[in-house]
Amino acid sequence: MRCPDEPGLIYHISRVLYGHGLNILRNDEFVERTTSFFFMRTEFTGTFEAHALLQELREALPSAADIRLSDNRPKNIVLLATKEHHCLSELLVRNAFQELNARILAVVSNHEVLGNLTRQFGVPFHYISHDDKSREAHEAEVRQVLDGYAPEFVVLAKYMRILSPEFVEAYANRLINIHHSFLPAFVGASPYAQAYERGVKIIGATAHFVNEQLDQGPIIAQSVIPVDHTHSAAEMAQAGRDVEKIVLARSLRLVFAERVFVHQNKTIIFD
């Protein structure tokens, strides 16, 4: 639940849940002070009728309140990839062992390189070449495939194509990307060569929601690992791949567990 802050919000929510005989297992709340906005995530158990509960919550809370119920079921997702396998491999393995709280419905790629890997996990693979096509034409073909699966989230597992604002808007706050740096450093081509030339002391990765500004969407998760002057550019790249796949998996765990609120251009996360 989210809404402008005012006194009594936690009381009203707890009262309604208690009135339905529900037991609160965990409660997290936060007030964003600069905008005076209230966020609350409540885990509860018990038997209830969803429509009646939502109706009573809406009557008890301000009219501007955004209320959502979730049973924390696995989310349906589609992955977009290009040639690099590390993030895709990580997600396919986690999916195979039911560690993602998700169902990977398909992988879509603009190259054929990762097709055999994907099919080994019994996941459909769609190759959609971008050669001799405008970005709009290529995206239209990708959208057609995605529409057939109706995913709740689309994950860019090192998908090396810049997406149009129209594509991003179609999946607003449902499009998740992994970036090869502790944003916003080392954007563009050859990030690890840039890092090596600068003599960096940490290698990082950032998972974020995609918006219309390149690599500027709300950040979900970040991490870094130490490196030093003894690391070559290739070794830095391997370290970067290691941290990228872990950060992406962690960000998906948070999103799929309904722990992430997007507020303006940042996230509120109850971990």
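For this chain, numbers begin at 1 and follow the sequence in order.
Taking NZ of Lys201 as the reference point, atom NE2 of His231 lies at 11.0 Å (rounded to 0.5 Å). Once rounded to the nearest 0.5 Å, the distance linking CZ of Arg41 with CZ of Arg68 reads 10.5 Å. One distance of note links CG of Leu22 with OG1 of Thr47; it measures 8.0 Å at 0.5 Å rounding. Residue Leu9 holds its CG atom at 4.5 Å from SG of Cys3, rounded to the nearest 0.5 Å. Leu248 contributes atom CG, which lies 13.0 Å from atom OG of Ser223 (distance to the nearest 0.5 angstrom). Taken from CZ in Arg2 to CD1 in Ile268, the straight-line distance is 9.0 Å, to the nearest 0.5 Å.
Side chains of Gln55 and Arg58: no donor on one and acceptor on the other come within 3.5 Å. Between the side chains of Ser70 and Asn72, not a single donor N or O lies within less than 3.5 Å of an accepting N or O. In summary, the side chains of His180 and Thr206 do not present any donor paired with an acceptor at a separation below 3.5 Å, with no hydrogens or angles considered. Side chains of Thr42 and Asn27: a donor on one and an acceptor on the other come within 3.5 Å. With 3.5 Å as the limit, one finds a donor-acceptor pair spanning the side chains of Glu56 and His20. A donor-acceptor contact under 3.5 angstrom links the side chains of Gln238 and Asp242, judged on distance only. When only modelled atom types and interatomic distance are considered, Glu32 and His263 share no side-chain donor-acceptor pair under 3.5 Å. When only modelled atom types and interatomic distance are considered, Thr82 and Glu84 share no side-chain donor-acceptor pair under 3.5 Å.
A salt bridge links Arg73 with Glu152: the closest approach of a Lys/Arg side-chain nitrogen to an acidic carboxylate oxygen falls below 4.0 angstrom. Ion pairing of Arg259 with Glu43 is present here, as a side-chain N (NZ or NE/NH1/NH2) and a carboxylate O approach within less than 4.0 Å. Lys158 and Glu244 are joined by a salt bridge, as a carboxylate oxygen and a charged side-chain nitrogen come within less than 4.0 angstrom of each other.
Of the candidates Leu69, Leu17, Leu54, Leu69 is the only one forming a side chain to side chain contact (heavy atoms under 4.5 Å, CB included) with Phe48. Only one option out of Leu156, Val142, Leu80, Asn110 pairs with Arg161 in a side chain to side chain contact (heavy atoms under 4.5 Å, CB included); it is Asn110.
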